[in-house]
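Throughout, a chain's letter reflects where its sequence line sits, starting with A, and its residues are numbered from 1.
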Amino acid sequence: MTDTAPRPDSTIPDRPSLEGLEEKWDSVWSEQDLYAFDPETTRDQVFSVDTPPPTASGALHVGHVFGYSQADMIVRYQRMRGKNVFYPLGWDDNGLPTERRAQNYYGVRCDPSLPYEEGFTPPQEGGSNKSSKAANQLPISRRNFIELCEQLTALDEKSFEDVFRALGLSVDWDHSYQTINSASRATSQRAFLENLQQGQAYQSEAPTMWDVTYRTAVAQAEQEDREREGAYHRIGFTRTDGTGEAVFIETTRPELLPACVALVAHPDDERYQGLFGSTVTSPLFGVEVPVMAHPLAQPDKGAGIAMICTFGDSNDVTWWRELSLPTRSVVGRDGRFLPEAPWISTEEGQARYAELAGLTVFSAQKRVVEMVTESGDLVGEPEKVMHPVKFYENGDKPLEFVTSRQWYLTNGGRDQSEGGLRDELIARGAELTWHPAYMESRYRNWVEGLTGDWLISRQRFYGVPFPLWYAVGAEGETDHDTVLTPPIEALPIDPTTDVPAGFTESQRNQPGGFTADPDILDTWATSSLTPQLAGGWNSQADSDGLFDKVYPMDLRPQGHDIIRTWLFSTIVRSHLQQDSLPWKHASINGWILDPDRKKMSKSKGNVVTPIGLLQQHGSDGVRYWAGRARQGVDTAFDEGQMKIGRRLAIKILNASKFALGFGSAPADPAGRLAADPAVVTDPLDRALLAELAQVVEQATAAFDDMDYARSLEAVEPFFWAFCDDYIELVKERAHGNSPAGEAGAASARAALAITLEVLLRLFAPVVVFATEEVWSWWRDGSVHTQAWPQAAPLREAAAGQDAALVDTVAQAAITLRRLKSDAKVSQKTPILRVRVEAPQQALAHLEAAAADLTALGRIEQLELVVGEGEEILTRDVELGEPPVKQPRSQG
RNA sequence: GGGUCGUUAGCUCAGUUGGUCAGAGCGUCUGGUUUACACCCAGAAGGUCGGGGGUUCGAGCCCCUCACGACCCACCA
């Protein structure tokens with residue numbers, strides 16, 4: 001980060017252009033390590049960013065470009081404020097998305113039972129992102145599979161980096177990390193082991209939501225509702241009190257009849273008072289089940305009495321637990337009906353169940369409905385209904401409840417006591433500064449709605465393994481209560497190949513030996529540690545104490561869709577591990593919406609590739625679009641805004657070229673135009689600086705609140721007015737063609753130089769390439785490491801001049817231009833005579849700039865008088881002959 | 001059912017403690033060869049600020065209510 005490093009030779013081109021600026025400056029910045037973090041530092045000098053590690057699973061989309069650009073603006077501002085910026089960017093390359101992409105790309109699938117194959121070549125490369133049929137995928141060993149995942153993510157990460165560089169992100173690429181690499185695995189495993197030691201991680205055998213396609217448990221945060229068609233089936237159970245009366249229930253899941261363990265109604269429900277405590281038998285299967293009372297049953301729902309099955313939904317789980325009911329599972333981990341249902345005691349019932357065994361849930365439902373129709377237990381026609389069904393967010397079959405042994409991490413979901421973990425985490429959310437502030441409610445909402453702890457084990461292959469083994473008993477049974485852990489120094493480990501202390505490989509899976517935990521950690525269980533991963537928490541000793549210099553971080557930028565996952569889980573981990581918030585600020589960016597206000601669909605998002613956008617509109621143009629959108633607000637995908645941004649960047653080039661072309665007096669020792677406030681004497685020039693001082697204050701206040709959009713909103717109109725009015729007004733004077741002579745020219749040129757220099761810095765966080773290009777024409781170093789401008793020196797240079805003078809004179813200029821526009825003549829047309837009427841105070845301003853106004857309007861006789869109204873008016877206008885049209889000479 | 005955000009010119013959006021706040025850009029229209037810029041310049045037209053109440057001397061701005069949209073959560077017999 002040196003300002004004296006050599007820069008490419010830059011002269012002002014005849015026709016400035018944006019073409020090629022991205023490559024040119026990316027390579028210069030990269031060579032000079034312009035964005036490198038300086039390790040010789042203390043925490044108070046640092047601004048550290050916990051950048052989202054993009055999922056390396058294919059392609060970036062416009063949403064990435066949007067969010068990362070916005071964060072980069074905040075970061076660049078902080079850098080210009082003199083902060084030592086720590087801005088790493090990692091890759092999230094572990095987990096299901098990567099697995100799926102590798103399967104499709106290489107045409108393989110993981111089969112852990114197969115042996116490793118040395119020098120394996122996959123059957124294909126570059127397969128489409130569409131799901132291919134499992135039948136067409138070659139089964140390979142877990143290790144071969146992981147190798148392919150690593151190969152593929154390396155490719156993706158390279159292409160992602162190219163996009164981010166082209167976008168002009170001021171990331172320190174020397175500090176990138178991968179969530180799957182060895183250091184990250186060690187960090188993730190260490191954090192888990194420490195959680196285990198603290199009693200924050202525990203295992204439990206319980207019914208959990210299960211994806212039958214991926215055959216893994218999924219956490220609450222990964223579930224979503226989808227509307228699906230279902231139907232209420234009214235089915236009769238038979239009372240066992242000898243009356244033979246039927247009790248009717250309504251269910252959308254008739255296939256779970258064999259799994260019924262009880263009926264339940266509300267304790268106050270008059271209709272069922274006589275039934276509580278009695279039993280009924282289920283249709284088809286003849287299983288006797290009790291009728292019980294529980295306040296969770298809703299009298300107005302369905303028949304008011306529900307069948308409890310283990311397990312149809314979360315209510316079933318609650319009832320099962322609270323009413324101490326038996327477990328009768330019929331759905332297996334593959335989503336098919338289990339072969340046996342031993343609790344069915346009748347021969348007829350067993351015969352019926354035999355028909356269901358092996359069927360998918362879908363087929364079983366069809367068959368059961370046929371059965372109850374035949375038997376007459378189904379009353380009337382099933383009533384169709386659209387209802388929400390729980391899905392894994394990446395899955396396409398409904399989740400089922402399956403009982404399994406899983407690992408959990410405390411997250412407040414089960415500790416709702418006053419001042420308990422949940423309260424502590426809610427307090428953490430309140431402690432965090434949210435941008436925008438209202439996003440905190442999404443966090444609180446989520447934490448308050450948690451129904452259990454965080455399920456962190458996944459029955460998958462590509463990820464961070466649980467660093468655990470279990471003892472194997474004398475009978476060869478796994479003793480889950482005897483957990484064997486490695487020492488911290490040994491991490492990372494893979495329990496399927498590493499051996500616990502005191503054992504040898506030959507004892508693996510043998511009686512009296514050990515067995516590996518086969519599961520991997522939830523992706524979020526590793527990515528929730530990004531501040532620790534990026535900051536080198538686990539390798540403090542050999543990283544110069546980096547962690548203490550960057551943690552807690554200053555900023556977490558991210559989308560609002562992952563507040564419940566990434567943001568929350570990161571707070572959980574930091575709270576448990578470091579007893580602190582992971583960052584001071586969270587900047588939440590919105591979604592990109594289609595022009596029709598729908599969430600940008602995947603297909604469209606892929607058609608519009610980020611790199612194509614950057615090429616078409618220029619990175620500055622695309623950044624501008626992101627920079628105009630406020631934090632947290634969903635934004636229309638609008639190429640119009642990118643075009644405007646591109647236009648702005650081009651304007652910056654052209655206006656700068658012009659402003660620097662009037663001559664180099666006053667000059668600096670190198671002979672370049674100097675931004676010397678001492679020679680700014682003209683009232684108009686001083687007023688310009690006074691106005692600029694206000695703009696600087698507004699932009700600074702906005703950026704201090706991390707509000708890049710508000711800053712841009714202050715700077716941009718000033719810049720356009722500067723171009724359209726101020727430059728036009730002082731053109732002649734700056735050329736030296738004015739009664740004000742050399743002093744007037746020097747004043748204008750210095751004011752132009754000062755303003756330009758300040759404007760370049762104000763625009764630099766957003767329009768990164770064009771500002772750097774202009775800066776290189778006449779200044780040393782990079783604009784991106786200059787100090788953010790201050791208002792005070794500008795105000796001093798303005799010497800008390802009223803900023804309003806600029807607007808007044810601009811108003812007069814517009815009035816004069818309108819004369820010619822209305823007359824439909826060229827702006828070059830001379831005004832032979834005009835009387836301008838203005839209010840008293842405005843008149844003083846106009847008089848001060850009379851010479852500039854005269855030059856602008858080509859006025860031969862200008863009369864300034866006090867008018868009656870508030871407006872500036874022109875009277876007694878006499879226009880001259882328009883200039884003779886001549887073909888434009890091509891220079 | 002609960003929560004959050006939004007509804008301002010044809011389009012995309014500003015409008016921060018209620019008092020030039022009815023704005024910007026795009027688009028449209030009318031003009032202009034103005035040696036920084038045709039990836040340009042100048043000018044114009046366009047809105048009873050979602051509906052209805054209320055508070056106030058005064059309300060896009062505060063309160064209530066309704067409608068619509070988006071998202072999150074809950075329910076999902």
Side-chain angles (χ1 to χ4, degrees), chain A residues 12 14-18 224-225 227-228 230 232-234 249-253 263-265 297-298 300-309 312-316 385-390 436 438-446 448-449 451 560-561 563-564 590-591 593 595 597-599 618 621 625 628-630 632-636 638 640-641 643-644 646-647 649-661 701 705 707 709-710 713 716-717 720 723-724 727-728 731 813-814 817-829 858 870 882-883 885-891:
Chain A
I12 305 179
D14 287 340
R15 294 192 137 266
S17 145
L18 297 177
E224 64 183 26
D225 287 342
E227 287 288 326
R228 285 292 178 275
Y232 286 117
H233 300 76
R234 189 170 168 83
I249 57 98
E250 287 184 17
T251 179
T252 56
R253 299 204 61 183
L263 301 190
V264 67
Q298 294 179 35
D300 57 344
K301 206 141 210 176
I305 185 162
M307 71 169 183
I308 305 175
C309 305
D313 62 30
S314 61
N315 277 340
D316 285 346
V385 62
M386 290 300 285
H387 65 148
V389 178
K390 281 251 183 281
Y438 62 75
M439 287 295 175
E440 189 210 336
S441 62
R442 295 203 182 194
Y443 172 89
R444 196 177 343 100
N445 213 302
W446 174 253
E448 283 171 351
T451 57
H560 56 58
D561 53 322
I563 289 175
R564 70 177 191 173
W591 283 97
L593 305 176
R597 312 304 305 170
K598 296 266 170 54
K599 196 165 101 184
W625 161 68
R628 288 293 302 203
R630 302 192 117 63
V633 177
D634 292 347
T635 301
D638 186 357
Q641 288 293 314
K643 287 181 183 151
I644 296 164
R646 181 180 172 81
R647 217 174 57 127
I650 293 170
K651 190 78 173 179
I652 288 172
L653 295 178
N654 282 314
S656 302
K657 177 193 169 200
F658 189 56
L660 294 172
D705 194 30
D707 194 342
R710 190 175 292 281
E713 216 170 73
E716 193 189 1
W720 283 101
C723 292
D724 297 342
I727 291 184
E728 293 299 330
K731 217 179 221 178
I814 288 167
R817 285 196 293 246
R818 187 160 42 218
L819 280 180
K820 298 177 187 177
S821 258
D822 289 349
K824 303 190 187 235
V825 296
S826 159
Q827 293 292 327
K828 267 178 156 174
T829 307
R858 295 170 194 249
E870 290 294 307
K885 292 189 179 185
Q886 289 172 346
R888 188 177 187 166
S889 60
Q890 298 297 321

Can you name the nearest heavy-atom pair linking Lys657(A) to Asp14(A), along with the distance?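 Of all heavy-atom pairs spanning Lys657(A) and Asp14(A), the closest is NZ-O, 2.6 Å.
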
Is any side-chain N or O of [X] closer than 4.0 Å to OP1 or OP2 of [N]?
X         : N      : answer
Arg710(A) : G15(B) : yes
Arg646(A) : C40(B) : no
Arg647(A) : C26(B) : yes

In plain terms, say whether Glu713(A) and Arg630(A) are close enough for a salt bridge, that is, a side-chain N and a carboxylate O under 4.0 Å apart.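 So Glu713(A) pairs with Arg630(A) through a salt bridge.
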
Between [M] and [N], how far apart are the [atom1] atoms? Round to whole Å, please.
N      : M      : atom1 : value
G53(B) : A14(B) : P     : 28 Å
C64(B) : U28(B) : P     : 43 Å
C66(B) : A42(B) : C1'   : 47 Å
G50(B) : C57(B) : C1'   : 28 Å

Choosing from [options], which nucleotide comes nearest the side chain of [X]?
X         : options                : value
Arg630(A) : A36(B), U30(B), G15(B) : G15(B)
Lys301(A) : G43(B), G25(B), C75(B) : C75(B)
Gln641(A) : A36(B), C75(B), U12(B) : U12(B)
Asp638(A) : A74(B), G43(B), U12(B) : U12(B)
Asn315(A) : C75(B), U12(B), G31(B) : C75(B)

Taking any heavy-atom pair under 4.0 Å as a contact, classify [X]: base, sugar-phosphate, or nothing.
X         : value
Ala823(A) : nothing
Ile249(A) : nothing
Arg444(A) : nothing
Gln827(A) : base
Glu448(A) : nothing
Glu716(A) : nothing
Lys651(A) : base
Lys820(A) : nothing
Ile814(A) : sugar-phosphate
Trp720(A) : sugar-phosphate
Arg818(A) : sugar-phosphate
Asp225(A) : base
Lys828(A) : sugar-phosphate

Which base sits across from [N] as a Watson-Crick or G-U pair, both distances under 3.5 Å?
N      : value
U7(B)  : A67(B)
A44(B) : U28(B)
C61(B) : none
U34(B) : none

Under the salt bridge (charged side-chain N to carboxylate O under 4.0 Å, His left out) rule, collect the residues that match up with Arg858(A), sequence neighbours excluded.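 By the salt bridge (charged side-chain N to carboxylate O under 4.0 Å, His left out) rule, Arg858(A) matches no residue at all.
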
For Arg228(A), what residues pass the salt bridge (charged side-chain N to carboxylate O under 4.0 Å, His left out) criterion, not counting sequence neighbours?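 None.
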
CZ of Arg628(A) versus P of A24(B): gap in Å, rounded?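 After rounding, the gap between these two atoms is 13 Å.
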
Starting at [atom1] of [X], measure out to [atom2] of [Y] and round the result to the nearest 0.5 Å.
X         : Y         : atom1 : atom2 : value
His560(A) : Asp634(A) : NE2   : CG    : 4.0 Å
Ile727(A) : Phe658(A) : CD1   : CZ    : 7.0 Å
Leu660(A) : Ile12(A)  : CG    : CD1   : 4.5 Å

Produce the list of close N/O pairs, under 3.5 Å, pairing protein atoms with atoms of nucleotides 1-8 of chain B; give distances to one decimal.
unit_1	atom_1	unit_2	atom_2	d
G3(B)	O2'	Asn445(A)	ND2	3.3

